[in-house]
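On a predicted model such as this, the values are computed, not experimentally measured, just so you know.
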Amino acid sequence: MHNAGDRIDTSTAHSARVYDYILGGKDHYLVDAEAGDAMCQHWPALPVHMLENRRFMHRAGRFLAQQHGIRQFLDIGTGLPTAPNLHEVVQEVAPESRVVYVDNDPIVLAHARALLQSSPEGATAYIDADMHDPDAILDSPEFRALIDLNEPVGLMIIGILHFILPPDDRRLVRRLLEPLPSGSFLAMTIGTADFAPEEVGRVAEEYTQQGMPMALRDLPTATSLFDGMDLADPGITQVHKWRPGPEQDGIDDRAIAMYGAVARKP
């Protein structure tokens with residue numbers, strides 16, 4: 001991991017670092033802060049939206065560990081280590097849980113040791129790879145070492161699909177699901193402009209100008225990404241409405257531009 005810094009491009013914004021900046025983290029550069037500020041000017045609700053996307057991941061991971069006994073997870077597009085991370089959430093339920101993290105940003109790789117602080121009973125691994133190359137993920141020694149394909153897997157695709165343009169989105173999700181056994185689950189969040197079209201549209205334009213083209217999806221399109229799977233209640237909803245806790249009280253729907261759902265592979 002010591003060479004990760006050699007690949008960090010500080011001249012262009014990166015989605016993981018912009019996310020870190022908007023959530024109040026410290027692992028970003030001036031270019032990311034400037035991009036984040038511009039986006040928040042377009043849509044002041046952006047920090048609330050990003051926080052609720054992350055909280056959905058926590059609830060979905062806990063739901064899979066507690067309610068469905070999932071003990072191994074593949075987390076695509078992990079982002080910067082912002083506690084609690086997925087392994088901290090699921091190992092609190094079951095210390096023996098195993099989590100494989102995947103991201104393609106060298107700054108995430110540079111900080112990946114924070115993702116590798118597993119419980120003694122469980123295990124974590126980090127793969128430096130891109131969702132656009134699912135075979136590199138599935139064929140990696142880390143994936144093979146930690147994931148037993150005879151047991152169900154929780155596939156987490158959180159806050160990344162809006163950076164995958166159609167038709168690659170459907171193909172890549174299917175390819176990652178393909179080797180996972182029956183009884184595995186997909187937890188996914190999907191960006192949308194359904195609730196604040198003008199503001200979110202301007203944020204998407206800003207991302208595109210920063211070299212990160214974005215695809216936003218309406219409810220029928222988002223729902224179709226789960227075709228052939230069994231949606232867990234309450235189905236596909238805005239992320240703050242998926243099995244909410246007290247901290248979701250009072251959130252304005254217009255502040256959330258993300259659908260979320262958890263679905264079982266038959």
Do you know which two heavy atoms are closest between [X] and [Y], and how far apart they sit?
X: Gly154; Y: Leu64; value: CA-CD1, 4.3 Å
X: Gly235; Y: Ala261; value: O-CB, 3.8 Å
X: Ala215; Y: Leu165; value: CB-CD2, 3.8 Å
X: Ile127; Y: Ser140; value: CD1-OG, 3.0 Å
X: Ala129; Y: Ile137; value: CB-CG1, 3.9 Å
X: Val18; Y: Gly36; value: CG1-CA, 4.0 Å

### Task
Applying ring-ring contact (aromatic ring centres under 6.0 Å, His included), name anything that partners His49, two or more places apart in sequence or on another chain.
Trp43

### Query
With sequence neighbours excluded, what pairs up with Phe73 under the ring-ring contact (aromatic ring centres under 6.0 Å, His included) test?
none

### Query
Do the ring planes of His87 and Tyr101 sit parallel (below 30°), tilted (30 to 60°) or perpendicular (above 60°)?
perpendicular

Do [X] and [Y] touch side chain to side chain, with heavy atoms closer than 4.5 Å?
X: Asp148; Y: Arg98; result: yes
X: His132; Y: Leu172; result: yes
X: Leu161; Y: Val173; result: yes
X: Leu74; Y: Ile76; result: yes
X: Asn53; Y: Tyr19; result: yes
X: Asp135; Y: Asp133; result: yes
X: Leu86; Y: Met57; result: yes

### Query
Would you call Arg243-Asp233 a salt bridge at under 4.0 Å N-O?
no

Side-chain donor/acceptor of [X] to backbone N/O of [Y], under 3.5 Å:
X: Asp103; Y: Gly79; value: yes
X: Ser119; Y: Pro95; value: yes
X: Asp32; Y: Arg17; value: no
X: Tyr21; Y: Tyr29; value: no
X: Glu34; Y: Val31; value: no
X: Arg59; Y: Val239; value: yes
X: Asp75; Y: Val99; value: no
X: His68; Y: Ile70; value: no
X: His58; Y: Pro84; value: yes

#### Entry: Test side-chain contact (heavy atoms from CB on, under 4.5 Å) applied to Leu186 and Arg264, step by step
CA-CA 6 Å; Leu186 169 64; Arg264 183 181 182 277; over 6 Å; no

### Query
Honestly curious: do Phe56 and Val90 fall in one hydrophobic cluster under the side-chain, below-4.5 Å linking rule?
yes

### Query
Would Leu51 end up clustered with Val200 when hydrophobic side chains under 4.5 Å apart are linked, directly or stepwise?
yes

### Query
When you look at Arg71 and Glu96, which way does the salt bridge (Lys or Arg N to Asp or Glu O under 4.0 Å) test go after all the steps?
CA-CA 7 Å; Arg71 297 292 178 262; Glu96 70 275 22; 3.3 Å; yes

### Task
Taking the six-membered ring for Trp and the full ring for Phe, Tyr or His, determine whether the centres of Tyr259 and Phe195 are under 6.0 Å apart.
yes

### Task
Take Lys265 and Asp230 through the salt bridge (Lys or Arg N to Asp or Glu O under 4.0 Å) test and state the conclusion after the steps.
CA-CA 7 Å; Lys265 180 178 178 178; Asp230 302 322; over 6 Å; no

## Note on the structure
side-chain contact (heavy atoms from CB on, under 4.5 Å) with Met156: of Ile158, Ile160, Val153, only one passes, and it is Ile158

Verify whether one side chain among [X] and [Y] offers a donor that lies under 3.5 Å from an acceptor in the other.
X: Glu52; Y: Gln248; answer: yes
X: Asp27; Y: His111; answer: yes
X: Asp253; Y: His240; answer: yes

### Message
Before you tell me yes or no, could you show the steps for Arg202 and Glu199 under salt bridge (Lys or Arg N to Asp or Glu O under 4.0 Å), namely the whole-Å CA-CA distance, both residues' side-chain angles and the distance that decides it to 0.1 Å?
### Response
CA-CA 5 Å; Arg202 289 196 296 268; Glu199 298 91 331; 5.2 Å; no

### Of all pairs that satisfy side chain to side chain donor-acceptor pair (under 3.5 Å), the ones with a partner from residues 208-219, not counting sequence neighbours
Asp169-Arg217, Glu206-Gln210, Asp218-Thr221

### Message
Evaluate Asp168 against Arg171 for salt bridge (Lys or Arg N to Asp or Glu O under 4.0 Å), listing each step before the verdict.
### Response
CA-CA 5 Å; Asp168 283 348; Arg171 176 182 65 81; 3.3 Å; yes

